[in-house]
Amino acid sequence: MKDDISISILDAKDKVTFLNSLVKAKENIQSLDVKTNIYKLNIHFDVMDLKFVPNVGVDLKYVEIAKKMGFFADVHLMVQKPVEDKFIDKAIEYGADNITIHYEIENFEESLKYLLKMKKKIYDKENKNFTIGVSLKPNTKIDVLKKYISKIDRILLMSVEPGKGGQKFIDKINDKIIFAKEKYKNTIIQIDGGINEKTICKPIREGIDSIVIGSYLSKSLNFTELYNKILILNCIHTIEKTPRRANMKLDTTTLQVVDGGYGENDILLGINVPDIRKCANVWYKYIGIECIRYFFSSPFHDYRRFAIFCIINNINILYKKVLKDNKDKNSLKQIKDYFKLFEDNIMYVNNWDLTDVAGPNIFAYILYMSNEKQKKKKLYKYLNSNNFWTKRIAIVSMLNFVKNDYLELPLEVCDYVLYDNFHLFQKATGWVLRELYKKEPKVIVEYLHDKNKIKKLPSILLSYACEKMTIMEKEKIRNDIDEV
Ligand code: DX5
Ligand code: ZN
């Protein structure tokens with residue numbers, strides 16, 4: 001059993017309703033032909049006895065109900081006397097697939113022996129199997145399991161004090177995961193307590209095998225929210241499992257993720273662009289606007305890249321559909337929804353790598369699909385934005401227009417920002433002029449020659465704009481030689 005989410009029904013208001021919605025979520029996600037491994041959804045039963053923990057927990061009868069629905073039943077016995085009080089017998093009777101007892105109970109060794117005996121008996125008699133787990137409270141050391149490890153199938157690391165759902169994740173347990181994975185390579189390592197879309201990241205990176213999640217999922221207001229959360233967790237799984245191949249030193253410098261730099265509050269995970277793009281290519285068709293919104297507004301730079309690539313992929317498909325049939329109302333609505341998602345979250349397109357992908361591949365299409373009046377209005381709204389990234393998006397969006405031989409508007413935009421003294425704009429405008437030069441060399445050389453004569457052009461802009469020019473053309477612009 002690897003890579004599963006074990007959903008605790010402890011805090012579900014109506015357990016059967018919640019189980020039914022999980023059946024639907026499981027069917028939906030299994031029907032996706034997504035090209036990556038997705039989390040298996042198991043059910044986690046928190047059984048309590050008011051002695052080991054001051055709570056009553058979940059009735060074991062739900063194990064039988066969940067089994068009938070086709071779930072793997074992961075039973076977590078937070079009980080002082082699992083043998084004497086018949087919890088193990090009942091769990092087996094109801095068909096538990098895994099039974100986890102706590103190391104901290106009085107007669108741990110006898111309980112483990114009983115579990116082993118019952119496991120053998122059930123196997124010999126009914127050819128049925130269940131796995132055995134041992135749970136450790138946050139402060140119990142991993143080493144205590146050394147002499148038992150060959151007899152147990154999983155270690156359940158509590159990342160909250162056992163006894164109730166909705167508690168805060170104890171961060172130091174991440175070190176325990178690393179240690180447990182290191183020390184007990186053949187044992188399933190499971191984490192339990194306080195897991196949500198934020199606290200799940202590190203355990204995944206550390207190679208956790210099974211993740212218990214309770215209130216983050218069971219407190220969902222409706223099925224859509226529940227299903228979106230399960231999709232988000234699966235995307236995070238794909239992203240966090242992606243190797244860290246980025247050049248962190250270079251990225252930190254070029255994206256200015258340094259004090260006082262424009263990316264100073266950003267967090268880089270170290271996934272390179274091709275790899276995060278691959279993650280987006282895996283998921284973009286399946287996750288929808290709400291999930292993308294989550295990644296778009298993430299403090300992780302890599303997650304925002306993922307979101308932008310998901311939006312781009314969807315717009316690419318939808319734009320072709322509306323070009324083919326402008327009466328295709330559904331595609332028109334969808335592409336407008338993606339445009340709105342982008343514009344509502346434009347503040348997160350806050351570094352040059354994001355703007356330079358989003359400008360030509362998202363904003364350009366927003367302009368293409370606007371009428372002349374709206375186009376100009378929107379374009380100049382962005383060009384006059386006091387958010388310099390938004391302004392850069394407008395400038396670089398013109399690269400798409402040049403590529404498609406719409407040259408007038410790009411030249412108008414370059415003219416509008418030509419003497420701007422901010423290097424981020426000078427570079428972007430230089431790029432657009434360079435691409436315009438490739439299409440209309442004479443026009444652009446003439447244009448730059450005249451402009452440079454009126455007022456000296458910014459050198460950064462000129463260096464990019466003249467990159468593909470002949471020596472003579474450069475001379476003409478720089479040294480005002482009239483004939484070329
Ligand atoms: C706590 C239980 C956990 C808990 C998880 O004693 O063992 O399984 O229900 O719930 P959340 O995910 O809300 O912490
Ligand atoms: Zn539990």
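All ligand and atom numbering here is 1-based and tracks the order in the structure. Computation of the quantities below employed the complete heavy-atom set of this structure, encompassing side-chain atoms and omitting hydrogens, waters and symmetry-equivalent molecules.
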Parallel, tilted or perpendicular, as decided by the 30° and 60° cut-offs, for the rings of Y262 and W389: perpendicular
For atom 6 (O) of ligand 1, closest protein heavy-atom neighbour: G163 N, 2.7 Å
Contact atoms of ligand 1, heavy-atom distance to H76 under 4.0 Å: 7 (O)
Closest approach to the Zn ion (ligand 2) by H76, given as the N, O or S atom name: ND1
Geometric class of the F363/Y382 ring pair [parallel <30°, tilted 30-60°, perpendicular >60°]: parallel
Minimum non-hydrogen distance to atom 14 (O) of ligand 1, winning option of S6, G194, G214, G165: G194
Distance from atom 1 (C) of ligand 1 to nearest protein heavy atom, with residue and atom: K164 O, 3.5 Å
Identity and distance of the protein heavy atom lying nearest atom 13 (O) of ligand 1: S215 OG, 2.4 Å
Protein residue, atom and distance nearest to atom 9 (O) of ligand 1, heavy-atom basis: D46 OD2, 2.9 Å
Which residue and heavy atom of the protein sit nearest atom 8 (O) of ligand 1, plus the separation: D192 OD1, 2.6 Å
Ring centres under 6.0 angstrom apart (Y284, F309): no
Output field: ring centroids Y365/Y368 closer than 6.0 Å: yes
N, O or S atom within D46 nearest to the Zn ion (ligand 2), by name: OD1
Residue H44 vicinity, atoms of ligand 1 by number, heavy atom under 4.0 Å: 8 (O)
Those atoms of ligand 1 less than 4.0 Å from some heavy atom in V212: 8 (O)
Donor on one side chain, acceptor on other, S8 and D46, under 3.5 Å: yes
Sub-6.0 Å ring centroid separation between F52 and H102: yes
Whether Y286 and W283 hold their rings parallel, tilted or perpendicular, with breakpoints at 30° and 60°: perpendicular
Sidechain-backbone polar pair: K119 side chain, F130 backbone, donor-acceptor under 3.5 Å: yes
Considering only N, O or S atoms of D192, the one closest to the Zn ion (ligand 2): OD2
Side chain, backbone, both or neither: V53 near ligand 1, heavy atoms under 4.0 Å: neither
